[in-house]
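Okay, so here's the structure we're looking at.
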Protein chains: 2
Amino acid sequence: MVYLDDAYVQIAPEEYKSYQENVRNAHEYLHSGQMDMSGWVEQPQKINESYLKNILAAAENIRAQSTVLVVLGIGGSYLGPRAFLEWMEDEFQHTDKSPKIYFAGWNLSGTYHHELINKIMDEEISVCVISKSGTTMETAEAFLLLKEILIKKYGEDYSKRIYAITDPVSGALRKEAKEKGYVTFDLESDIGGRYSFLTAVGLLPACVAGYDIQKIVLGAQKAYQACMPQEIEQNAAYRYGVGRRILNERGKVIEVFCAYEPKMQHLLEWLKQLFGESEGKENKGIFPTSLVFSRDLHSMGQFLQEGTPVFFETVLSVATPQKDVSYDGAINTFNEQNELVRKGVLQAHSKGKTPVFTLTAGKMCEETFGYWTYFFEKACAMSCLLLGVDPFNQPGVEVYKAEVKKILTAK
Amino acid sequence: MVYLDDAYVQIAPEEYKSYQENVRNAHEYLHSGQMDMSGWVEQPQKINESYLKNILAAAENIRAQSTVLVVLGIGGSYLGPRAFLEWMEDEFQHTDKSPKIYFAGWNLSGTYHHELINKIMDEEISVCVISKSGTTMETAEAFLLLKEILIKKYGEDYSKRIYAITDPVSGALRKEAKEKGYVTFDLESDIGGRYSFLTAVGLLPACVAGYDIQKIVLGAQKAYQACMPQEIEQNAAYRYGVGRRILNERGKVIEVFCAYEPKMQHLLEWLKQLFGESEGKENKGIFPTSLVFSRDLHSMGQFLQEGTPVFFETVLSVATPQKDVSYDGAINTFNEQNELVRKGVLQAHSKGKTPVFTLTAGKMCEETFGYWTYFFEKACAMSCLLLGVDPFNQPGVEVYKAEVKKILTAK
């Protein structure tokens, strides 16, 4: 379901092979269950009917009682659901078959939140708050703001409009949810934010918006099977994971995630977090960045062709886009033209000595999204283990949180 | 109007000074008028009343006859006007005081253009097409698509709904405009796309949307004056331009443009083009990338703190955001909290040995936008001249265009 083309990367078969033993060891370690926060590895196999039924029931309630759902979260709790909805939804209009979904708590802009409140004030609102601890600042602030509005609008019934996705046992949000009687979903304590799409984090908003979450799960399960072989040659995720290690050792310090479809923009943002936060440790790692083509061929195209050659590209492509358009007398439809440009650029950039991975899926649908998230998680984990860093922690984030706390308490 | 804080960059005064002679020479060269495509340098002083009057008149016509304006362009012809409108407009709703503005022709996605057409079909449409040659593929394709719709809706009157911004004399679009009688504006032949904001490219869409374009021009004129001193100490644009050269020589190959305001996202994209396309030549240049905080503190924060230390940050900050919000009992408003986070992160990242430039303006308004675009253009030109590359050409873009053409004609 993902075809990996690495013909333009220039890695010899024996280079890949030299990693085989390490890949085998890393694979076994990853599937051993011994690693902290590795719960996502077996997640596609663990999702059961009753879990999905609870999500469907909650989504049904939300749809019945709301014209607007505000999803509060940051990091993977924002980028995952946002990327999926952008991927599926019409860019320019909302169909009214489901509540309109807005995201908040992913920034601290007063302007953003003022304008959002202004927009939704007269709507029927439900809130989905996603936070393991309940103390993540951005999400907690936005939650306080939204709660105030719910209480003003609905009085004591406000708590029936809050859906909390949080730690099964501990944390401030779990405690509050228990006291106030919010509907809750477990954010498993052994799954980190950037690996959480295949939980209620990704599935509840998708379900509210009217998409088939069983297909998302099916995609992830297919990826689980496809990413199981220990042989590099039989496992595109591992092959790609090894490939980027080899390029890094050749001096490439930037990975440019590219797509020729504007609706993949937040998927690229999600990838930046997945790889950046998993790998950027101990002064190591490849700096992930993203470009949307063909827009950015007219902005960064010059640099990609002739700038400091410290980067490689990973292009995400879909064989069958959702819709197409043309005009009378056109030689090609827009999508056909887009595909020809992609091929031309592949030639031009590889002639410019830029290594390019291309990952191609079939359709732009629920199943592909589920497949890709798991595929990249697996590739990323392998790549990090080969680099010798723990893919599942984020010690550096604590440093900045401590500095912010210092300033806040000094005030 | 822009305050540069480089205390966290760790450059000694004598390091700056060692560039003074070169800066003087580059400044004189830049203002000599000898360089190809340097028309933007004196542009703030050259804009006159009649130029602005023509834009106002065209905007008035567009507003009178349309509920929708579609702006067609790519590169600077897209990113400039898009960045300005994003900067000024409400994120969540349109006020109906002016036509709704959509952008097309900046990508080749069939899905995007299909959904756009579907959305606007029943509206009263005008089209603003921006292309120096008229043959830029993405824009030309979208123009053919939109023209077909205009002709279906308005018959022979279609041409009264087309506003072309193009080369004063030559090119396919100028020719067509003359034949069909479109209203036209000159895209001066000595101003490149990424330096074109202060022409009809930026000003016409801004004016249609109801913003005060004289304030934009005023901002640029203030920047023109502020960026005139040849002394590095007295010219923040040159100081910043020199600073990034020094960091590049220390091995920093990535510049991360950051903002704490989601409405600056496309301004950061515009900066990526300005710097990437101006500087990425002869295997040289700093790879520009962008992050929106605090969102990306929860995605790329780990890498910024502890990843491969090959980057520096340039933070764009505004002292007085447009709006603010709070809830009962809050210690800080959202914007106050946002500002405290910015200060905490500055501490944390500089402790993590990342150099950070901070550029602060007063208000988030038309004048600041005009000021910043010119400020960065001047800083970028200086930085490129010090590196020894021509800031105003883009030879590498031609390479990929040739490859695409080869594939298109082979078909």
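Lettering of chains follows the sequences in order, A, B, ..., and the numbering in each one begins at 1. These figures come from a predicted structure and were not determined experimentally.
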With side chains defined as the heavy atoms from C-beta onward, is the minimum distance between A:P288 and B:F303 less than 4.5 Å?
yes
Do B:P262 and A:W106 make a side-chain contact, defined as non-hydrogen atoms from C-beta onward lying under 4.5 Å apart?
yes
Contact leader toward chain A among [options], where contacts are heavy-atom pairs under 4.5 Å:
{"options": "B:L79, B:L297, B:L274", "value": "B:L297"}
{"options": "B:L145, B:T289, B:D296", "value": "B:L145"}
{"options": "B:M300, B:K353, B:Q273, B:E339", "value": "B:Q273"}
{"options": "B:G301, B:G276, B:G75, B:G193", "value": "B:G276"}
{"options": "B:I286, B:I117, B:V253", "value": "B:I286"}
{"options": "B:L144, B:N107, B:V341, B:V345", "value": "B:L144"}

From the list B:E115, B:H114, B:H113, side-chain hydrogen bond (donor to acceptor under 3.5 Å, both in side chains) with A:K323 holds only for B:E115
Looking at chain B, which one of [options] has the largest number of heavy-atom pairs inside 4.5 Å, strictly under?
{"options": "A:R194, A:K147, A:E277", "value": "A:E277"}
{"options": "A:N283, A:V292, A:V310, A:V256", "value": "A:N283"}
{"options": "A:A348, A:G344, A:A142, A:G307", "value": "A:G307"}
{"options": "A:A330, A:P309, A:A402, A:P395", "value": "A:P395"}

| field | Aromatic plane relationship, A:F287 with B:F311 - under 30° parallel, 30 to 60° tilted, over 60° perpendicular | value | tilted
Practice prompt. Measure up the B:F92 and A:Y112 rings against each other and bin them: parallel (under 30°), tilted (30 to 60°), perpendicular (over 60°).
Written response: perpendicular
Test item: [X] side-chain N/O and [Y] main-chain N/O as donor-acceptor pair under 3.5 Å:
{"X": "A:H298", "Y": "B:I74", "value": "no"}
{"X": "B:Q337", "Y": "A:L108", "value": "no"}
{"X": "B:T308", "Y": "A:G285", "value": "yes"}
{"X": "A:Q302", "Y": "B:G396", "value": "yes"}

At a heavy-atom separation under 4.5 Å, does [X] approach chain A through its side chain, its backbone, both, or neither?
{"X": "B:V389", "answer": "neither"}
{"X": "B:S290", "answer": "backbone"}
{"X": "B:Q305", "answer": "side chain"}
{"X": "B:T136", "answer": "side chain"}
{"X": "B:E148", "answer": "side chain"}
{"X": "B:N118", "answer": "both"}
{"X": "B:L291", "answer": "side chain"}
{"X": "B:M137", "answer": "side chain"}
{"X": "B:L346", "answer": "neither"}
{"X": "B:K263", "answer": "side chain"}
{"X": "B:I149", "answer": "neither"}
{"X": "B:E282", "answer": "backbone"}
{"X": "B:I254", "answer": "side chain"}

Between [X] and [Y]: side-chain donor-acceptor atoms closer than 3.5 Å:
{"X": "B:T111", "Y": "A:Q322", "value": "no"}
{"X": "A:Q347", "Y": "B:Y400", "value": "no"}
{"X": "A:E261", "Y": "B:S109", "value": "yes"}

If one checks every heavy atom of A:S326 against chain B at 4.5 Å, the contacting part turns out to be backbone
Okay, A:Y102 and chain B: the region with an atom under 4.5 Å from a heavy atom over there is side chain
Legend entry - Residue A:K343 excluded, over 12 heavy atoms near NZ under 6.0 Å: no
Those residues at least two apart in sequence (or on a different chain) that pass side-chain contact (heavy atoms from CB on, under 4.5 Å) with B:E398 are B:K401
For B:I407 and A:L340, the nearest pair of non-hydrogen atoms, with its separation, is CG2-CD2, 3.6 Å
Smallest heavy-atom separation, B:F334 atom then A:G110 atom, equals CB-CA, 3.7 Å
Between the CD atom in A:Q394 and the CD atom in B:E306, the distance rounded to the nearest 0.5 Å is 10.5 Å
Between the OG atom in A:S294 and the CD atom in B:E138, the distance rounded to the nearest 0.5 Å is 3.5 Å
Whether B:E269 and A:R295 form a salt bridge (side-chain N of Lys/Arg under 4.0 Å from carboxylate O of Asp/Glu) is what I want to check. yes
**Asked** Are any of the side-chain nitrogens in A:E403 or B:K351 under 4.0 Å away from the carboxylate oxygens of its partner?
**Response** yes
